[in-house]
Amino acid sequence: MVVIGGGLVGLTTALELCRHGVDVLLVEKHAVTSPQPKARRFGFRSMEVFRSLGLAGTVRDAARDLAGHDRFAAGETLATSELQPMWGGAPIEPSPELVGPEPPSLVAQDVLEPVLAAAAADAGAEVHFGFAVTGVAPDAHGVTVETAEGPVRARYVVAADGARSPVREALGVTRSGPGAVGAPAVNVYFRADLAPLVADRPFNLCTVAGGAFASVDGRHRWVFMTSAGRQDWPAVLRSAIGAPVPDLEVLSVLDWCPEVRVADRFRVGRVLLAGDAAHVMPPWAAAGANTGIADAHNLGWKLAAVLRGEASDALLDSYDAERRPTAAFVADQSVRRSSARGVPDQEMAHPFVLSAESIAYPEGAFVRDDDREEPVTAFAPTGRAGVRVPHRWLDDARTTSTLDLAGPGWATDVDGGERVLLRPDGVVAWRGADPDGPERHRRELLAARALPGGSRDRRGCRDGDP
Ligand SMILES: Cc1cc2nc3c(=O)[nH]c(=O)nc-3n(C[C@H](O)[C@H](O)[C@H](O)COP(=O)(O)OP(=O)(O)OC[C@H]3O[C@@H](n4cnc5c(N)ncnc54)[C@H](O)[C@@H]3O)c2cc1C
């Protein structure tokens with residue numbers, strides 16, 4: 001297997017594949033991980049993925065600088081800002097500890113990526129930074145990945161090569177969506193000792209006149225987000241801080257545009273798109289990286305089952321069937337988070353729906369229940385087929401969750417007299433009374449006979465040829 005791209009999604013994909021016993025080569029064109037602390041909030045589901053990889057503690061360790069910073073502040077300047085009440089003062093229901101076994105973490109992307117890169121290498125992946133892919137050529141038996149140092153042959157390729165995805169472009173995969181959904185913006189990443197100024201009000205985000213500050217380590221590293229166009233960044237920063245800062249240093253400036261674009265296919269034969277290569281969305285729900293990490297989790301066990309010869313190649317069609325509508329839904333919800341500010345929006349989902357990825361897949365590698373209408377706006381986990389199994393602790397010591405039952409293999413749980421078949425990614429695959437149901441349905445789902453439209457989009461693939 002070759003994974004192209006050493007960002008959060010490529011690295012998580014490599015980790016997932018290693019966990020399932022697949023040999024992985026990950027190639028990243030840059031010599032080092034991202035210097036930009038773009039994503040900083042990793043939700044329940046991402047933390048569950050890290051838990052399943054044995055990395056939740058490591059990620060939480062990496063997140064220690066921002067522990068206790070999950071608060072909002074506001075003011076005219078940073079110096080005059082004040083902490084705002086959590087959730088606007090209203091209690092959030094349900095209580096977060098009922099949602100999942102691992103609470104969300106605040107950790108900057110430039111801190112987390114090196115942690116994942118080291119973990120991927122430890123897990124046995126060959127991780128090559130400074131190694132650019134110049135082309136991919138899928139055929140009936142595999143994919144030739146062209147690099148400056150010669151071709152590499154793989155049976156399947158995951159392209160986690162970012163929003164501009166050269167692989168997606170080369171394969172001619174179009175994207176749909178509204179495109180730009182807001183004005184161009186700038187993130188100014190800077191270093192300054194602001195600890196004495198804000199020690200009494202640790203914040204995640206602090207809105208001020210003309211922009212917002214985000215904590216990167218809560219002491220010396222910060223991001224100022226503002227509208228595009230201004231140039232004298234030290235002067236802009238000093239005015240927004242509103243207090244003398246002798247040691248201020250701008251580290252980098254990132255221009256970005258909030259946009260929604262979802263690839264029209266997440267699979268072209270033996271090439272699978274994941275992360276920003278497959279979907280871009282504005283960061284207003286902090287969902288871009290989290291959605292990509294969930295892609296990796298969805299894909300890892302399927303690729304492993306196909307490569308081991310346990311599953312038909314058609315199982316991989318379920319990746320598109322499940323993740324493409326999910327990405328479109330999360331992208332739409334991300335836009336609603338901004339455009340509906342102050343205006344009631346009946347379609348806006350409870351934040352835990354996105355954060356715990358408790359979104360019902362419309363179709364895919366599971367046996368649909370007849371009555372599977374699930375409200376996507378309310379967080380009401382029911383354990384129906386096509387949805388992440390709801391979390392509940394299985395022991396008094398609260399060490400084992402229902403989410404720990406499956407992975408790397410399948411699992412069967414019993415709930416109210418019904419048998420519940422869990423896929424390796426913790427999604428409910430089937431539920432019913434038949435004692436033979438779990439094994440029979442597992443076999444059928446791996447054979448992908450039950451998949452609606454299971455053989456669509458097979459360009460470059462031969463039936464039954466993994
Ligand atoms: C301002 C901002 C704030 C954000 N905040 C959040 C947040 O709070 N929460 C959240 O979940 N998301 C957030 N996001 C989104 C998040 O940063 C992205 O969704 C995430 O980084 C995507 O990861 P990725 O691995 O798919 O892509 P990338 O991080 O773009 O990684 C792709 C990698 O592929 C490599 N590559 C490209 N071409 C080649 C090639 N030919 N050969 C080899 N390698 C190649 C690139 O060098 C790159 O390292 C934010 C984004 C922005 C811009």
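Quick note: residue numbers are just sequence positions, from 1. Whatever order the structure lists ligands and atoms in, that order sets their numbers, starting from 1.
With hydrogens left out, the protein atom closest to atom 17 (O) of ligand 1 is Q109 OE1, 3.1 Å, a heavy atom. Looking at atom 1 (C) of ligand 1, its nearest protein heavy atom turns out to be N187 ND2, 3.2 Å. Annotation: atom 31 (O) of ligand 1 to nearest protein heavy atom, G7 CA, 3.7 Å. Looking at atom 12 (N) of ligand 1, its nearest protein heavy atom turns out to be A289 N, 3.0 Å. Counting only heavy atoms of the protein, atom 27 (O) of ligand 1 lies nearest to G162 CA, 3.7 Å. Here the protein heavy atom with the shortest distance to atom 47 (O) of ligand 1 is E28 OE2, 2.7 Å. Looking at atom 3 (C) of ligand 1, its nearest protein heavy atom turns out to be K38 O, 3.5 Å. Annotation: atom 7 (C) of ligand 1 to nearest protein heavy atom, A39 CA, 3.4 Å.
Under 4.0 Å is where a charged nitrogen must lie from a carboxylate oxygen, and between K302 and E16 no such pair does. By the 4.0 Å N-to-carboxylate-O rule, D139 lies close enough to R153 to be salt-bridged with it. Checked for salt-bridge contact, D320 and R267 miss the test: no charged N lies under 4.0 Å from a carboxylate O. Taking a cutoff of 4.0 Å between a charged side-chain nitrogen and a carboxylate oxygen, D110 and R221 qualify as a salt bridge.
Of all atoms in ligand 1, numbered sequentially from 1 with element shown, those under 4.0 Å from a heavy atom of V27 are 43 (C), 44 (N). Heavy-atom proximity to N290, at under 4.0 Å, picks out these atoms of ligand 1: 11 (O). Short contacts between ligand 1 and A132, defined as distances under 4.0 Å to a heavy atom of the residue, involve ligand atoms 42 (N). Distances below 4.0 Å separate heavy atoms of V9 from the following atoms of ligand 1: 23 (O), 24 (P), 25 (O), 26 (O). In summary, the atoms of ligand 1 found under 4.0 Å from a heavy atom of R41, numbered by their order in the structure, are 8 (O), 9 (N). Within the listing of ligand 1, atoms 26 (O) sit less than 4.0 angstrom from a heavy atom of G275. Taking every heavy atom of H30 and a limit of under 4.0 angstrom, the matching atoms of ligand 1 come to 47 (O).
Judged as a salt bridge (Lys or Arg N to Asp or Glu O under 4.0 Å), the pairs with a partner in residues 174-195 (not counting sequence neighbours) are, in order, R191-E249.
Cation-pi geometry between R71 and F203 is not satisfied (NZ or CZ under 6.0 Å from the ring centre, within 45° of the ring normal).
Judged purely by distance below 3.5 Å, without hydrogens or angles, the side chains of N290 and R45 never pair a donor atom with an acceptor atom. Side-chain N/O atoms of T147 and E149 include no donor and acceptor closer than 3.5 Å. Under the 3.5 Å distance criterion, with hydrogens and angles disregarded, no donor-acceptor pair is assigned to the side chains of Q346 and T377.
Within the 4.0 Å heavy-atom criterion, the part of R40 lying near ligand 1 is the backbone and not the side chain. At a heavy-atom distance under 4.0 Å, only side-chain atoms of P166, from C-beta outward, approach ligand 1. Contacts between V167 and ligand 1 below 4.0 angstrom, taking non-hydrogen atoms only, are absent altogether.
For the ligand labelled ligand 1, residue A160 lies inside the 4.0 Å heavy-atom shell. At a 4.0 Å cut-off, at least one heavy atom of A287 sits close enough to ligand 1 to count as contact.
Every salt bridge (charged side-chain N to carboxylate O under 4.0 Å, His left out) that R423 has, sequence neighbours left out, goes to E322, D425.
Inter-residue side-chain proximity for P166 and D161 is flagged as met; some heavy-atom pair is nearer than 4.5 Å.
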